[in-house]
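Scroll down for the structure; my scribbles are underneath it.
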Amino acid sequence: MGSSQRMRLAWFVNYLVPGWNIPWSGNAGAEWMNGDFYVDMARRLDAAGFDAMMLEDGNYLSDAYGGTFEAELKHTVRGPKNDPLPLLPVLAAATERLGFIATMSSSFYQPFLLARLVTTLDHLTGGRVGWNVVTSSSPLAAQQFGMDALPDHDERYLIAEELVDVVKKLWRSWDRDAVVMDRATGTYVDHEKVRPIHHHGTYFDVRGPLNALPPLQDLPPIFQAGGSPTGREFAARSADVIVSSAKGIDDMREYRAEVRRRAELNGRNPDDIKILFMISPFLEESDELARRRREERLAITDERAERRLLMMSDEIDFSQFPLDQPFPTDLSTNGSQSLLKQFAQWAGDRPLREAAAGDEFEAFPAFGTPETVADEMEHAFREVGGDGYLIFAGGGGMLTRRYVDQVCEGLVPELRRRGLVWDAPPAGLGLNQRLACDEPAPDQRSAASA
Ligand SMILES: Cc1cc2nc3c(=O)[nH]c(=O)nc-3n(C[C@H](O)[C@H](O)[C@H](O)COP(=O)(O)O)c2cc1C
């Protein structure tokens with residue numbers, strides 16, 4: 001059975017300590033900061049045929065949970081976290097084809113700085129960079145930049161939309177053939193091919209032009225993860241790739257249909273937006289062993305519940321809610337609205353301890369042998385019609401070199417055998433073209449069994 005479209009694979013990483021006190025974590029706790037762990041990982045992903053590594057970012061430690069940094073620093077949820085942007089060219093230099101998605105917040109970056117940074121990264125990586133547009137979710141982040149609080153949730157998306165627009169105008173302030181290098185006249189750039197943009201908007205005033213070269217890719221891909229109605233609308237208007245935290249086949253289907261509908265209403269071809277769903281696969285030699293290991297990981301303990309609640313504590317103090325009671329249903333936030341709503345739905349009437357400890361960042365539970373997990377992924381892929389997956393290693397907590405190998409050496413070859421992922425991308429594609437490319441991979445199942 002050939003595939004009508006290919007499955008894209010990306011991996012979501014935080015530049016903070018990966019698994020460090022679990023089996024197979026080696027000396028990661030003492031060494032992660034030098035970047036070698038992530039360099040090794042990027043090489044593995046590149047060789048396995050992953051499309052991209054997505055580098056998460058945020059810029060605060062939260063004491064919203066219980067009014068202290070104790071739990072935050074104990075569990076290393078948000079830090080210590082180094083700045084992933086300088087890591088990006090280091091990763092690119094160690095790899096050939098893998099794309100890298102840099103996260104930069106629309107609440108703190110000025111368009112000029114961002115446009116120049118991304119175009120520089122695009123040249124340094126040979127056209128392999130993308131931008132994950134996030135709006136940030138905590139007043140604690142705003143307070144690092146001289147503000148008391150973030151703008152309101154929905155207004156943040158208006159700012160993001162204008163930011164994307166100005167950044168694109170800056171990228172296009174140079175014609176692609178502006179550099180003429182005319183030796184006879186001694187002219188390096190044709191000045192008629194470079195123009196100011198004179199942008200005067202609601203949130204930004206930028207004269208332009210860019211004082212750097214335009215990106216190597218025509219436009220580096222825009223990633224987005226908005227889950228609220230406003231977030232979905234922004235994604236449908238601006239994103240090339242959406243990473244979704246939808247949970248369950250119905251939710252995945254609903255999310256995809258709604259974003260595609262919104263894209264169409266905005267005059268876009270819905271097929272131009274690729275949607276990746278999050279999974280945290282749990283791979284072992286047998287289904288039974290994987291099930292047992294997963295159960296151990298998701299054991300209902302106060303410690304695990306605390307870690308999960310901490311991840312949401314960008315604004316609300318979740319330590320105030322008793323773990324033996326159901327999660328309150330009447331909470332609202334100026335932070336990540338959809339993530340809060342999704343957790344409340346997941347939690348239902350169960351005691352909070354059970355709901356929080358048992359929650360994983362995944363569209364569906366994926367555990368077992370590579371064959372079993374590939375079955376699950378293929379089933380959902382065909383059922384929902386999504387464009388691929390974003391792997392997240394259980395919120396990063398179970399990320400080890402061994403875990404990366406289980407995915408790259410066990411799961412991906414199985415997906416490739418089924419004709420779901422390419423052997424290698426077609427030559428000469430920038431990251432944006434690569435992500436957009438639906439060209440099916442050859443089905444190697446019959447060849448392998450012949
Ligand atoms: C896969 C994924 C990756 C995300 N990466 C980041 C990130 O790196 N930094 C950040 O501040 N927020 C990140 N977010 C949060 C989103 O930008 C957004 O705030 C969240 O999905 C809630 O959407 P909403 O505000 O529309 O409700 C991520 C969310 C998801 C699902």
Side-chain angles (χ1 to χ4, degrees), residues 8 10-16 52-62 77-79 81 83-85 87-88 100-109 130-142 144-145 150-161 163-164 222-239 241-247 251-252 255 258-259 262 274-280 311-315 331-345 359-363 386 388-396:
R8 288 150 191 81
W11 198 311
F12 191 47
V13 291
N14 316 76
Y15 186 14
L16 45 67
M53 192 173 191
M54 185 172 170
L55 302 164
E56 179 271 353
D57 203 16
N59 42 36
Y60 67 98
L61 295 171
S62 177
V77 165
R78 293 179 187 76
K81 176 187 294 181
D83 190 327
L85 289 181
L87 180 65
L88 198 152
F100 297 95
I101 313 304
T103 297
M104 282 169 274
S105 171
S106 53
S107 296
F108 309 126
Y109 269 88
W131 167 29
N132 176 31
V133 187
V134 299
T135 62
S136 297
S137 53
S138 175
L140 299 168
Q144 312 281 39
F145 296 93
L150 289 170
D152 281 348
H153 177 271
D154 287 4
E155 187 173 26
R156 295 204 295 274
Y157 281 111
L158 296 178
I159 299 171
E161 194 158 338
L163 179 72
V164 170
I222 304 288
F223 275 53
Q224 224 288 312
S228 60
T230 333
R232 291 178 189 205
E233 179 66 17
F234 169 59
R237 285 149 82 114
S238 312
V241 179
I242 303 180
V243 288
S244 164
S245 60
K247 254 184 182 324
D251 218 16
M252 293 162 78
Y255 186 91
E258 202 207 323
V259 167
R262 285 180 187 266
K274 306 300 177 192
I275 301 177
L276 308 183
F277 294 105
M278 291 176 88
I279 54 167
S280 292
M311 283 183 171
M312 286 194 294
S313 293
D314 46 21
E315 196 182 59
L331 293 176
S332 65
T333 179
N334 189 38
S336 295
Q337 295 183 349
S338 57
L339 296 180
L340 178 64
K341 187 171 159 207
Q342 213 166 42
F343 182 77
Q345 271 166 3
D359 191 22
E360 195 66 286
F361 290 90
E362 58 192 9
Y389 292 98
L390 180 71
I391 292 186
F392 192 31

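Since the model is a prediction, treat every value here as computed from it, not as a measurement. When a ligand or atom number is given, it counts from 1 through the structure's own listing order.
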Pick out the protein N or O atoms lying less than 3.5 Å from any N or O of ligand 1, and list each pair with its distance.
{"unit_1": "ligand 1", "atom_1": "8 (O)", "unit_2": "Asp57", "atom_2": "N", "d": "3.0"}
{"unit_1": "ligand 1", "atom_1": "8 (O)", "unit_2": "Asp57", "atom_2": "O", "d": "3.4"}
{"unit_1": "ligand 1", "atom_1": "9 (N)", "unit_2": "Asp57", "atom_2": "O", "d": "2.7"}
{"unit_1": "ligand 1", "atom_1": "19 (O)", "unit_2": "Ser336", "atom_2": "OG", "d": "3.4"}
{"unit_1": "ligand 1", "atom_1": "21 (O)", "unit_2": "Ala225", "atom_2": "O", "d": "2.8"}
{"unit_1": "ligand 1", "atom_1": "23 (O)", "unit_2": "Gly227", "atom_2": "N", "d": "3.3"}
{"unit_1": "ligand 1", "atom_1": "23 (O)", "unit_2": "Ser338", "atom_2": "OG", "d": "3.2"}
{"unit_1": "ligand 1", "atom_1": "25 (O)", "unit_2": "His153", "atom_2": "NE2", "d": "2.9"}
{"unit_1": "ligand 1", "atom_1": "25 (O)", "unit_2": "Tyr157", "atom_2": "OH", "d": "3.1"}
{"unit_1": "ligand 1", "atom_1": "26 (O)", "unit_2": "Tyr157", "atom_2": "OH", "d": "2.7"}
{"unit_1": "ligand 1", "atom_1": "26 (O)", "unit_2": "Gly227", "atom_2": "N", "d": "3.1"}
{"unit_1": "ligand 1", "atom_1": "26 (O)", "unit_2": "Ser228", "atom_2": "N", "d": "2.9"}
{"unit_1": "ligand 1", "atom_1": "26 (O)", "unit_2": "Ser228", "atom_2": "OG", "d": "2.6"}
{"unit_1": "ligand 1", "atom_1": "27 (O)", "unit_2": "Gln337", "atom_2": "N", "d": "3.2"}
{"unit_1": "ligand 1", "atom_1": "27 (O)", "unit_2": "Ser338", "atom_2": "N", "d": "2.8"}
{"unit_1": "ligand 1", "atom_1": "27 (O)", "unit_2": "Ser338", "atom_2": "OG", "d": "2.8"}

Any residue meeting side-chain hydrogen bond (donor to acceptor under 3.5 Å, both in side chains) with [X], in chain and number order, not counting sequence neighbours:
| X | answer |
| --- | --- |
| Arg8 | Asp438 |
| Glu362 | Arg294 |
| Asp154 | Thr230 |

Handout entry: Test item: Leu55 and Tyr15 side chains (from C-beta on) under 4.5 Å apart, heavy atoms
Key = no
Practice task
Begin with the C-alpha distance, continue with both residues' side-chain angles, and end with the deciding distance and a verdict on salt bridge (charged side-chain N to carboxylate O under 4.0 Å, His left out) for Asp359 and Lys247.
Solution key: CA-CA 10 Å; Asp359 191 22; Lys247 254 184 182 324; 3.0 Å; yes
Problem - Test item: Ser280 side-chain N/O and Phe361 main-chain N/O as donor-acceptor pair under 3.5 Å - result: yes
